[in-house]
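This is a predicted model, so every value here is computed, not measured.
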Amino acid sequence: MNVRRRSSAAALAAIAVIGAAAAPAVAADPSPSTSSSAPSGKSDGTDGLYGSADPRYDGVWRQSLALLAQDTAGVIPSSSAVKWLTDQQCDNGAFAPFRADPAKACDAKTMVDTNSTAAAVQALWAVGGHGDAVEEALGWLKSVQNADGGWGYTPGSPSEANSTSVVIGALAATETDPGTVKKGGKSPYDALLAAALPCAGDGGAFGYPDQDGKPVANADATAAGVLGALGKGLVAEAGEKTADATCTASDEPTREQAAANGAAYLAGALAKDGHLTSALGGSAEQPDYGNTADAVVALAAQGGKDKAAKPLAWLEKNAAKWAGESGPAAYAQLILAAHATGTDPRDFGGTDLVAALNATGPAPQGVSAEDSATASDEDGKGQKDQKDQKDQNEDGDSGFGVWWFVGVCLVFGIGIGFLLSGRTKKQQP
């Protein structure tokens with residue numbers, strides 16, 4: 001889901017140049033404080049928010065992932081964290097990436113988007129008790145559905161696999177059959193299958209539009225597309241074990257075949273090193289931890305946890321430092337990958353991801369009844385881990401980092417919608 005890079009002098013220099021030419025349209029509110037430990041009632045809008053980085057572009061997204069990850073790990077989130085998310089909702093049901101002053105009504109300048117809204121739906125449904133907010137958000141999503149059945153990042157923008165898939169996830173999570181949500185006779189599945197590329201040349205990937213609007217093979221779009229085609233959300237369980245996926249050519253593939261083809265593409269991209277790579281702004285290729293975690297979830301959901309064994313092992317060995325530098329969204333992604341594969345997130349390559357995530361925001365209320373026995377055995381260690389991780393993450397990023405900001409500036413500068421999770425970046429197998 002994401003461009004997540006540590007801050008660097010080169011990135012900051014790029015921001016200085018790009019920012020003068022193109023201010024991101026997403027930033028509807030003034031820059032808030034970056035403190036994640038603001039006193040109760042602090043007016044910068046960060047009280048209850050996970051992570052210390054500027055939330056203008058990813059606040060709702062990272063908060064939603066954090067709450068979802070906690071829920072999968074049996075953690076009962078802080079009420080202040082849940083309230084932070086519900087307070088971000090506009091009266092029409094939509095969510096923007098961040099509103100510094102939730103008491104101020106949303107207006108035409110508030111840049112609401114489908115990704116923030118669909119992620120918030122999944123999180124609020126998971127924690128429970130917010131049916132009205134969920135219904136209003138779903139109503140807004142349905143109201144901005146495109147004529148081809150899909151969604152773009154912002155209302156009216158062309159449909160693409162990433163945004164369509166995250167909305168499918170919101171519908172499925174709330175027990176709504178995505179196939180019944182239609183516009184002009186088209187469902188989200190119709191739009192998603194239109195983004196599925198042929199086996200020849202593209203290996204069955206899902207595409208993301210380039211600058212000319214032409215869909216090109218993209219690993220992150222593919223990971224999202226696999227989950228969307230399966231009718232699954234950001235939280236996914238391991239599917240039934242299947243044979244190694246191969247791309248099967250078809251003029252009209254079924255959803256299941258499109259998912260299998262996408263899984264085959266991901267498996268091929270991961271075969272050499274066990275991780276995906278990315279390149280941004282002329283930088284050298286480097287491991288893409290976030291999209292590798294997404295690929296783990298997609299592979300496990302499509303064909304069982306064994307299909308994700310190699311990239312999962314790579315993440316367990318290598319991702320802890322990245323998550324520590326990147327913050328709550330990164331920890332959440334790893335927890336969701338662990339969940340999809342039946343791996344213990346409290347011992348992920350020796351790292352307690354749950355304690356680390358908890359340490360980036362308000363302390364949880366506790367653990368669910370079924371997990372209380374397990375948690376009590378590790379309370380002493382867990383509390384120490386949370387303190388250590390809070391210290392480690394004090395200067396960490398939100399899961400997006402300055403590279404995400406560079407990317408968003410670039411794409412708004414050339415008039416192309418940028419998906420909140422950083423999915424427009426160039427993907428390299």
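Residues K307 and T242 have side chains that bring a donor and an acceptor to within less than 3.5 angstrom of each other. For E325 and Y289, the side-chain atoms include no donor-acceptor pair closer than 3.5 Å. Judged by distance alone, the side chains of E160 and S163 do bring a donor and an acceptor atom under 3.5 Å apart.
Side-chain contact check for Y50 versus Q70: some heavy-atom pair is nearer than 4.5 Å. Using a 4.5 Å heavy-atom threshold, the side chains of H275 and N318 count as separate. Using a 4.5 Å heavy-atom threshold, the side chains of V226 and L230 count as touching. Inter-residue side-chain proximity for R62 and L49 is flagged as met; some heavy-atom pair is nearer than 4.5 Å. Counting only heavy atoms from C-beta outward, the side chains of F206 and T164 never approach each other to under 4.5 Å. Q302 is not listed as a side-chain neighbour of L266, based on a closest heavy-atom distance of 4.5 Å or more. Counting only heavy atoms from C-beta outward, the side chains of L299 and L270 approach each other to under 4.5 Å. Using a 4.5 Å cut-off on side-chain heavy atoms (C-beta onward), Q145 and S159 make no contact.
Panel note: side chain N358, backbone V354; a donor-acceptor pair is recorded below 3.5 Å. Panel note: side chain W125, backbone A173; a donor-acceptor pair is recorded below 3.5 Å. Although no hydrogens or angles enter the test, the distance criterion places no donor-acceptor pair under 3.5 Å between the side chain of Q88 and the main chain of V60.
Within 6.0 Å of NZ in K186 there are 12 or fewer heavy atoms belonging to other residues, nucleotides or ligands. More than 12 non-hydrogen atoms from other residues, nucleotides or ligands lie less than 6.0 angstrom from CG of D347. Within 6.0 Å of NZ in K182 there are 12 or fewer heavy atoms belonging to other residues, nucleotides or ligands. The neighbour count for K183 NZ, taken as heavy atoms of other residues, nucleotides or ligands under 6.0 Å away, is above 12.
D87 has a carboxylate O that lies under 4.0 Å from a charged side-chain N of K83, or vice versa, which qualifies the two as a salt bridge. One finds a salt bridge joining D54 and R56 here, because a Lys/Arg side-chain nitrogen approaches an Asp/Glu carboxylate oxygen to under 4.0 Å.
For the residue pair A137 and V121, the shortest heavy atom distance occurs at CB-CG2, 3.4 Å. Shown here for N115 and D113, the closest heavy-atom pair between the two residues is N-OD1, 3.0 Å. Between Y153 and P97 the shortest heavy-atom distance is OH-CG, 3.9 Å. When every heavy atom of T86 is checked against every heavy atom of L124, the shortest pair comes out as CG2-CD2, 3.6 Å. The shortest non-hydrogen separation linking G274 to W314 is O-CB, 3.6 Å. The heavy-atom pair separating A161 from A221 by the smallest distance is CB-O, 4.1 Å.
Under the rule for a side chain to side chain donor-acceptor pair (under 3.5 Å), the partners of S78 that lie at least two apart in sequence or sit in another chain are S80. Here D107 pairs with K109, T110 under the side chain to side chain contact (heavy atoms under 4.5 Å, CB included) rule; sequence neighbours left out.
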